[in-house]
Amino acid sequence: MYVAVKGGERAIDNAHAWLAEERRGDPAVPALSIAQIREQMALAVNRVMAEGSLYDPDLAALAIKQARGDLIEAVFLIRAYRTTLPRLTASRPVDTGAMAVDRRVSATFKDLPGGQVLGPTFDYTHRLLDFALMAEGPSDTPSTPPVAESGPVAQRVPHVTSFLNRDGLIEAATPSDITPPDLTREPMELPATRPLRLQALTRGDEGFVLSMAYSTQRGYGRTHAFVGELRIGMVPVKVEIPELGFAVEIGEVELTECETVNQFKGSKTEPPQFTRGYGLVFGQSERKAIAMSLVDRALRWEELGEDFTGAPAQDEEFVLMHCDNIQATGFLEHIKLPHYVDFQAELELVRRLRTEAQAMQEAAE
Amino acid sequence: MTDAPHAARKSWMATLAKAPPARLQALMPDPPPHDLLRAPEVGAVMVQGRTGATGAPFNLGEMTVTRASVRLACGTVGHAWVQGRDKAHARRAALADALLQTDAAPATMTQIIAPLQAEAASEKAERAAKAAGTKVEFFTMVRGDNV
Amino acid sequence: MTLHADALSGGFTDAPTQSARAFRAVLEAMARPGTIHTVEGAAPPAPLSLAAGVALLTLADATTPMHLAGAADCQPVRDWVAFHIGAPLVSAEDADFALGTWAALQPVTRFKIGQPDYPDRSATLIVEVDRLTNHGPALTGPGIALVTWLSLPETAAFHANRALFPLGFDCLFTFGNRLAGLPRSTRVEKI
């Protein structure tokens, strides 16, 4: 039976009004400014930029405020906004070797040119709640960190993998200028190329990519990864200006880059050497960048002639079709919306089956 | 095309693009009369990275960008592409780009570009010094096989 | 390369409104093949018509490879496209949009017709004509109540293109400030 329903406008309007009030919370508590969110919730802002796939800290902060801190909802707002922007052009590929590093560590080489630079990291904190932060006011003004007497970090910090590359111990990353596929413009086609996989992973859900990476460490598609290098800092973005015919720096983005070095015993097609996994993410997003590089490496099994062990992280379709949290939440949450007609059909079916089952039982008795 | 012939213009355009909008406004309070050839337009640029830092390009994500093109009364044309969504920033940057191609170039250089560059350099140096402050100095412990 | 100043003018001055109006005109032209629509807002360099300029500003951007054919492939047009549209200029085989007179666009069989799973990955030809009236070959098919007529340059090529359906290229005919559409779904008959 089909029942046409209409209505609910008033209820929806009232729900929106209540949502606005709840978003604001207790009016006796001062409202958050966008600048406060941008400056003090910077890692949430970074996550929204990375998964929203749009670098604009003010907009990400606005999205977080509007979404009441629901980061996936904020990512949704950013994704919706970016569809309204004309795509002016693509940048030149960024040169992460020219990064002004805030942080740069290697788990494989202790003494490397440029040194181990810890940067503003949580790594050596004790994970004890700092109740001093609860007391608002001037107490939350940290002292300026001391600077080095030996002078600043070098302007250009070489990549760790370039040292291994010199000895031929690691696979080369051969430069090319092929125009990469863009999954925001063309539907994703499988099998995907590595550039397409990296685009999907860098905008993928941090939790999903993290869990996939963790599964490889626990043995589901093991890749024996070490963090060859992890670096965070500002990188200039250069764009070829059509009206000028040359490239100009139009700004800077903060990026986190992770290169893993993976033990590789060789295969039918490749000699024993180290192989690489790669992660590059907007903002200071260290966990995501490491996870991305592990999953990238796991997905490369075919190209490197490794065996497919059936591990989820090796399964390109599984990873790429499920890593996007906006696609996932859209499909997941739609089942709460009216399905009255679908369900009516189900109800009819179950009733009929029950009647039939009952009739058969009675006939048997 | 080599980078050399346009080095000066690239440098000032980069400086203007990266300038804090409020600072540029303070340095250029009275923009000269001009026509808009391209009214400030907000859009997105797809930022690309490279696989393994040096390999094949891939799409990393977009950034917001505003561009504008202006023509001064003398006919000189200026262009700007700047990060973010600030239309006034793009317009001022395009105006400064135009002025830097006219007789007003030396004054514009001293009054606008030089202070912006000095401020950017000092901010960068300050951050690099903080980073260097977190550089690890390893002390190798005496090991039996080294004695 | 620094563009000549003329290349920097002649774009939309109020892009959101003008492009929305132009898009509506192009949409109507394609949805109702044979109807002739007046457009405004562009002043492209010669030999482009105003309508061709409007169509390019509205439909093309940096992600749509474009082919300029014949006289349209001149420096002033290239510069204008670079500044206002940013579309990469490519050979006919790779183009999403192609612009030129019907003669210059020949042979039209070189343009993309899409793939069976993605028929949309085909070319749109913007054909500059020297007259655009509702006299000429008869058009029938989706978007046409009974029959309509359009001053097409020929019929054989459109016959062949219709036979490829759902693949094939689509056409916009431009003359002065007017344009008309001929999507691949339209049947063309000589009268």
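Fair warning: this is a prediction, and the values are worked out from it, not measured in the lab. Throughout, protein chains are lettered first and strands after them, A, B, ... in sequence-line order, and every chain is numbered starting at 1.
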Does the side chain of A/Leu255 come within less than 4.5 Å of B/Leu60's, by heavy atoms? yes

Has the side chain of B/Thr64 got a donor or acceptor atom that lies under 3.5 Å from a matching backbone atom of A/Asp56? no

Relative to chain A, which of B/Lys18, B/Arg85, B/Lys124 shows the most heavy atom pairs under 4.5 Å? B/Arg85

Any donor-acceptor N/O pair, B/Arg50 side chain to A/Ser176 backbone, under 3.5 Å: yes

Under 4.5 Å to a heavy atom of chain B? For A/Leu59 that would be both

The interface call for A/Gln116 against chain B, heavy-atom contacts under 4.5 Å, is both

Engaged part of A/Tyr55 at the chain B interface, taking heavy atoms whose separation is under 4.5 Å: both

Minimum heavy-atom separation for B/Ala56 and A/Pro195, please, with both atom names. CB-CG, 4.4 Å

Top residue by heavy-atom pair count (under 4.5 Å) with chain B, among A/Ala90, A/Gly279, A/Pro145, A/Ala100? A/Ala90

Test side chain to side chain donor-acceptor pair (under 3.5 Å) on B/Trp81 and A/Glu249 and set out the steps. CA-CA 9 Å; B/Trp81 285 54; A/Glu249 274 180 34; over 6 Å; no

Test item: A/Arg276 side-chain N/O and B/Gly52 main-chain N/O as donor-acceptor pair under 3.5 Å: yes

Which bit of A/Glu259 is near chain B, if near means a heavy-atom gap under 4.5 Å: side chain, backbone, both or neither? side chain

Bottom line for A/Tyr124: the part with an atom under 4.5 Å from chain B's heavy atoms is neither

Walk me through it: do B/Glu62 and A/Leu54 pass the test side chain to side chain contact (heavy atoms under 4.5 Å, CB included)? CA-CA 5 Å; B/Glu62 289 165 305; A/Leu54 184 69; 3.8 Å; yes

Check whether A/Pro57 gets within reach of chain B through its side chain, its backbone, both or neither, counting any heavy atom under 4.5 Å. neither

Restricting to non-hydrogen atoms, name the atom on A/Ser91 and the atom on B/Val47 that form the minimum distance, rounded to 0.1 Å. OG-CA, 3.4 Å

Tell me which of these, A/Arg82, A/Arg104, A/Glu257, has more heavy-atom pairs under 4.5 Å with chain B than the rest. A/Arg82

Side chain, backbone, both or neither: which part of B/Thr15 has a heavy atom under 4.5 Å from chain A? neither

Looking at A/Thr96, A/Asp182, A/Val237, which one has more heavy-atom pairs under 4.5 Å with chain B than the rest? A/Asp182

Quick check against the 3.5 Å criterion: does B/Asn59 have a side-chain atom that pairs as donor or acceptor with the backbone of A/Pro181? yes

State, to 0.1 Å, how close A/Val117 and B/Thr134 come at their nearest heavy-atom pair, and which atoms those are. CG1-OG1, 3.4 Å

Chain B contact via A/Asp95 - side chain, backbone, both or neither, heavy atoms under 4.5 Å: neither

Heavy atoms of B/Glu41 and A/Pro86 approach each other most closely as OE2-CG, 3.9 Å

Check the angle between the aromatic planes of B/His6 and A/Phe246 and answer parallel, tilted or perpendicular using the 30° and 60° thresholds. parallel

Would you mind checking which part of A/Val94 comes under 4.5 Å of any heavy atom in chain B, side chain (CB onward), backbone (N, CA, C, O), both or neither? both

Does B/Glu123, at its CD atom, have more than 12 non-hydrogen atoms belonging to other residues, nucleotides or ligands within less than 6.0 Å? no

State whether the number of non-hydrogen atoms from other residues, nucleotides or ligands found under 6.0 Å of A/Arg87 atom CZ is greater than 12. yes

Within a reach of under 6.0 Å around CD of B/Glu126, are more than 12 heavy atoms found that belong to other residues, nucleotides or ligands? no

Looking at A/Gly114 and B/Lys135, what are the two nearest heavy atoms and their distance? O-CE, 3.4 Å

Can you establish whether the number of heavy atoms outside B/Asp103 located under 6.0 Å from its atom CG is more than 12? no

Measure distances from A/Leu280 to the heavy atoms of chain B and classify the residue's part below 4.5 Å as side chain, backbone, both or neither. both

Between A/Leu244 and B/Arg9, is a side chain to side chain contact (heavy atoms under 4.5 Å, CB included) present by the stated rule, with each step listed? CA-CA 10 Å; A/Leu244 295 176; B/Arg9 191 164 182 199; 3.4 Å; yes

Under 4.5 Å from any heavy atom of chain B, what part of A/Val101 do you find: side chain, backbone, both or neither? backbone

